[in-house]
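None of the values given here were measured: they were computed from a predicted structure. Naming convention: chains lettered A, B, ... in sequence-line order (proteins, then strands); numbering from 1 in each chain.
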Amino acid sequence: MAPMPSALSYELLAKCSVTKARAAILHLPHGPVPLPIFMPVATQASLKGLTPEQLEETGCRLCLNNTYHLGLKPGQATLDAIGGAHKFQSWPHNILTVSFQMVSLLKLAKVTEEGVKFLSPHDGTPMLLTPEHSISLQNSIGSDIIMQLDDVIATTSPDLARMEEAMDRSVRWLDRCIKAHKYPERQNLFCIIQGGLDLDLRKRCTKEMVERDTPGIAIGGLSGGEEKAAYCKVVDTCTSLLPEKKPRYVMGVGYPEDLVVSIALGADMFDCVWPTRTARFGNAVTSTGVLNLRNASFQNDFTPVEEGCTCVCCRPKEDGGLGITRAYIYHVAAKETAGAHLLTIHNVQYQLNLMQRARQAILEDKYPAFVKEFFGKLYPDKTKFPAWAVEALNGVGVDLLAD
Amino acid sequence: MSTTLSDLPPEMRAFTILKTSASFGPRLGSLALPGRITLETPHYLGNTSRGAVSHISQDNFRKNTSIGGVYVALEDFVEKLPRQTPPLYQLESPENSSSLRDFIALPKDTLLVVGARRIPCIPCPTANTNSALSIYTSVGFRQISAEDYAAASQKIRPDIVVGLADIPYGQPQPGLKRIDKMSDRTEEWTKELVSQTHGLDKTVKAPRASYQIFAPILPLTKELQTWYLDHLIDDMLDDISGLAIYDAHFLADLPAQVKDLPRLSFDAPSSPGAVLYQISLGMDIFTIPFITEATDAGISLDFTFPPPKSEVSGGEDAGGKDTLGVDMWQSEHALSVTPLSINCSCYACTKHHRAYVQHLLSAKEMLGWVLIQIHNHAIMDSFFAGIRESIARGTFDQDKLAFEAFYEPELPEKSGQGPRVRGYQFKSGQNETKKNPAAYKVLNVPEESSSEAPTPDAVAADLEKIGFAETAKP
Ligand SMILES: [Zn+2]
Ligand SMILES: [Zn+2]
């Protein structure tokens with residue numbers, strides 16, 4: 001197969017001498033982004049009430065849109081007329097579009113070789129969605145990174161035969177996506193490795209996908225409620241088989257401890273709706289854990305959401321920030337949308353800042369120490385360290401429990 | 001346009017009348033408090049909910065609005081009373097700063113005006129008493145005594161405190177006895193506020209309050225509140241820095257002794273035309289609920305004062321008038337890359353376009369309302385700037401007539417759903433409003449759904465409708 005054109009370059013800056021963590025710069029059509037990276041999810045071309053400038057101010061230079069949602073609203077015709085999603089939402093930086101995620105969207109759908117079939121609820125007419133549709137829509141969106149259509153089934157499914165079929169089909173659909181992709185010189189198609197929790201399937205799939213030589217590689221089908229230990233094994237297995245000079249994206253992962261462990265396992269890119277969605281319910285992500293600021297214990301707490309946080313919400317007035325307190329978030333949480341916006345800013349910046357600190361540690365070859373410090377803050381009592389994290393980190397040479 | 005006067009001696013009157021026509025009519029003024037933006041009047045205050053202008057986070061307030069002053073209702077902060085000290089009262093701020101300002105992260109030079117109740121307010125089922133006003137908090141009905149109100153003002157130190165007014169909201173037209181009570185109680189409560197801060201007994205050397213007091217003028221005729229007005233003028237005039245007017249028509253009857261005080265309208269205008277009308281009566285400062293109401297309805301305001309000249313002749317036919325706003329829910333905007341208003345230089349108009357705003361509304365993304373709210377305040381800024389220029393030119397009356405001829409009298413009816421409305425927030429049609437009540441639909445947003453994805457049925461239906469998927473060959 002002829003090498004596929006690529007619209008990105010992966011510049012490896014440093015590798016951890018103990019774990020599999022990597023620090024890099026990913027040069028994308030709308031500017032460079034640091035790796036490892038957390039990508040906030042602006043499902044419908046908007047992130048929880050934030051203006052593009054507010055999102056930019058958190059340091060975000062790569063965010064997600066959802067192909068399927070934009071296909072419905074505003075629709076392909078509008079996107080074509082306006083000139084793509086960047087212009088549509090006035091976002092001058094990079095966009096990654098995730099695909100349909102049929103497993104959650106179309107429970108009633110039937111996957112065939114052609115595509116995803118489902119019955120029209122109006123008149124029972126069979127409808128069909130194909131890999132070609134998905135790529136055509138992402139071409140209209142103009143996202144910097146586009147994802148193949150894949151056949152996803154829940155990792156928890158016991159049906160190994162179906163799992164294998166889905167994996168093989170995802171490979172065949174990748175070929176169709178590559179063929180349908182009109183703008184490989186300006187949009188980067190990522191393949192998605194499937195195979196559930198079966199490591200042999202994952203290995204086979206990885207080999208097949210790597211042969212297709214897409215600019216980047218995603219590990220999909222995870223974060224669906226599987227055991228964390230099993231999740232780690234899949235990530236670890238896949239990254240060991242991946243080429244060094246390509247970005248690795250683990251889809252749908254975003255809890256801080258998952259990020260820190262996954263980086264150690266060699267993953268570079270992550271996305272998750274959780275940090276932004278949870279802001280609306282008054283949940284603040286901090287280095288000591290998630291604080292629910294709707295709890296009455298915060299009503300008289302006039303300290304920032306997180307001491308030392310550099311987001312505009314937490315930063316003191318003297319430093320050009322707003323000096324918002326936990327008590328004020330308590331006052332507005334779930335009552336005024338402005339409160340949700342403030343907390344969303346904080347949570348996004350927390351995630352981005354966590355990635356930046358991880359990256360700095362890798363650059364200084366101090367990632368194991370960083371990981372220990374991170375877990376030490378999150379769980380002051382070592383016996384409370386999650387077993388899966390201890391085990392996974394052990395596998396890459398970090399003994400979390402050692403002093 | 002606005003400057004900060006930081007060196008004004010406190011004994012100087014903050015309000016200066018720059019231009020007035022005879023004894024009654026539009027006037028130009030300037031409200032300058034030490035350290036605050038000088039508010040050129042006529043002007044308006046941003047109306048807040050729990051300390052924030054709805055939809056506008058505090059960073060956006062700084063970056064993307066020019067709001068020079070805000071109105072904050074104390075009832076948004078005291079739900080724990082009387083069992084528990086409200087958190088706001090426990091925040092200690094330096095002597096020379098306002099704890100309320102710190103708490104809500106208001107910029108240091110934005111004028112901060114506090115009143116007891118939201119505008120518009122939700123009528124309380126329990127009546128006011130001789131010593132306390134009924135209020136409505138996010139957790140239900142409460143009462144706040146005049147004493148507590150004065151103490152709260154001392155504690156939170158806004159720039160201006162509006163005195164408590166005994167107005168029986170939501171109750172039948174008061175009889176004469178009740179009217180007497182309104183006037184008596186309002187006088188007592190205003191006295192309480194004055195004496196707590198400065199002392200009616202001039203021998204007491206209490207430090208002068210850091211805030212100014214605006215005395216309420218009840219929505220009654222002059223005759224029915226004579227007693228109160230006389231005491232206001234005889235005993236409290238030195239301690240009163242402004243008036244809060246509940247019925248704009250009272251301006252015609254204003255006693256000469258208080259004519260030079262700034263006038264804050266608590267007679268919420270329902271439309272730009274109603275603002276102009278109140279200005280023609282001599283009103284100076286406004287709180288304008290229709291800004292946020294329009295935003296919530298997805299209507300971007302679209303008018304200027306004076307109206308555009310070129311089209312005046314064409315706009316006079318019946319039905320030929322321009323609308324005061326654009327309903328951004330309409331799908332006709334879906335492909336429009338034009339700004340909300342052609343000549344508006346606000347953030348929403350310079351960075352975004354109608355197609356995006358229309359999409360955000362129909363996708364129920366909060367940013368839609370954020371952008372419209374930023375724009376709507378920018379439109380009001382230009383509207384008031386135009387009004388002040390017009391008064392300065394001496395053409396206000398004819399400009400007002402031209403405005404009435406050019407534009408429809410009321411804002412367009414809403415067609416789309418608004419954002420989720422909370423219990424403590426006023427809903428159109430709930431109180432006596434002058435506007436046609438449009439039923440608000442409360443959006444039943446589930447608390448935290450496990451997935452953002454729509455149901456499979458909706459997916460299929462939508463996909464089919466837009467022709468995104470193809471019909472499968474059997
Ligand atoms: Zn923060
Ligand atoms: Zn505008």
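In this structure, chain A has a heavy atom under 4.5 Å from the side chain of B:Lys63, while its backbone stays farther away. Looking at B:Ile104, both its backbone and its side chain come within 4.5 Å of chain A, counting heavy atoms on both sides. In this structure, the portion of B:Gln84 lying under 4.5 Å from any heavy atom of chain A is its side chain and not its backbone. At a 4.5 Å heavy-atom cutoff, the contact between A:His341 and chain B is made by side-chain atoms alone. Of the two parts of B:Leu91, the backbone and the side chain both hold a non-hydrogen atom closer than 4.5 Å to a non-hydrogen atom of chain A. Proximity to chain B (any heavy atom under 4.5 Å) is restricted, for A:Ile324, to the side chain, taken from C-beta onward. When heavy atoms are compared at a cutoff of 4.5 Å, B:Phe61 does not approach chain A at all.
The minimum heavy-atom distance between B:Leu335 and A:Ala77, with the atom names listed, is CD2-O, 4.5 Å. Considering all non-hydrogen atoms of both residues, B:Tyr356 and A:Ser46 come closest at OH-CB, 3.7 Å. Heavy atoms only, all atoms of each residue included: B:Ala334 and A:Thr78 are closest at O-CG2, 3.4 Å. In terms of heavy-atom proximity, A:Pro74 sits nearest to B:His359 at N-ND1, 3.6 Å.
Between B:Phe103 and A:Phe302, the angle of the ring planes goes over 60°, which puts this pair in the perpendicular group of the 30/60° scheme.
Checked for salt-bridge contact, B:Lys351 and A:Glu53 meet the test: a charged N lies under 4.0 Å from a carboxylate O.
If you take CG on B:Asp59 and CG on A:Leu342, they are separated by 6.5 Å, rounding to the nearest 0.5 Å. With rounding to the nearest 0.5 Å, the separation of CG in A:Leu50 from CD in B:Glu365 is 10.0 Å. Atom OG1 of A:Thr337 and atom CG of B:Leu367 lie 10.5 Å apart (nearest 0.5 Å).
The stretch residues 311-323 of chain A participates, sequence neighbours left out, in these salt bridge (Lys or Arg N to Asp or Glu O under 4.0 Å) pairs: A:Lys317-B:Asp102.
In this structure, B:Arg50 contributes its side chain and A:Lys335 its backbone to no donor-acceptor pair below 3.5 Å. Although no hydrogens or angles enter the test, the distance criterion places a donor-acceptor pair under 3.5 Å between the side chain of A:Lys73 and the main chain of B:Ser362. For B:His353 (side chain) and A:Ile82 (main-chain N/O), no donor-acceptor pair under 3.5 Å exists by modelled atom type.
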Please determine whether side-chain hydrogen bond (donor to acceptor under 3.5 Å, both in side chains) holds for the pair A:Gln54 and B:Ser57, giving the CA-CA distance in whole Å, both sets of side-chain angles, and the decisive distance to 0.1 Å. CA-CA 10 Å; A:Gln54 283 174 303; B:Ser57 59; 3.1 Å; yes
Given side chain to side chain contact (heavy atoms under 4.5 Å, CB included), test A:Glu336 with B:His55 step by step and report yes or no. CA-CA 7 Å; A:Glu336 290 301 322; B:His55 309 293; over 6 Å; no
Stepwise side chain to side chain contact (heavy atoms under 4.5 Å, CB included) test for A:Leu322 and B:Arg62: CA-CA 10 Å; A:Leu322 297 170; B:Arg62 283 159 172 75; 3.3 Å; yes
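In terms of non-hydrogen atom pairs under 4.5 Å with chain B, the most contact-rich of A:Ser136, A:Gly49, A:Ala338 is A:Gly49. Of the residues considered (A:Ala45, A:Cys313, A:Gly115), A:Ala45 shows the highest number of contacts with chain B, using heavy-atom pairs under 4.5 Å. Of all the listed residues (B:Val53, B:Asn60, B:Ile56), the one sharing the greatest number of non-hydrogen pairs under 4.5 Å with chain A is B:Asn60.
Side chains of A:Tyr328 and B:Gln58 form a contact here, defined as non-hydrogen atoms less than 4.5 Å apart.
A donor-acceptor contact closer than 3.5 angstrom links the side chains of A:Gln299 and B:Lys80.
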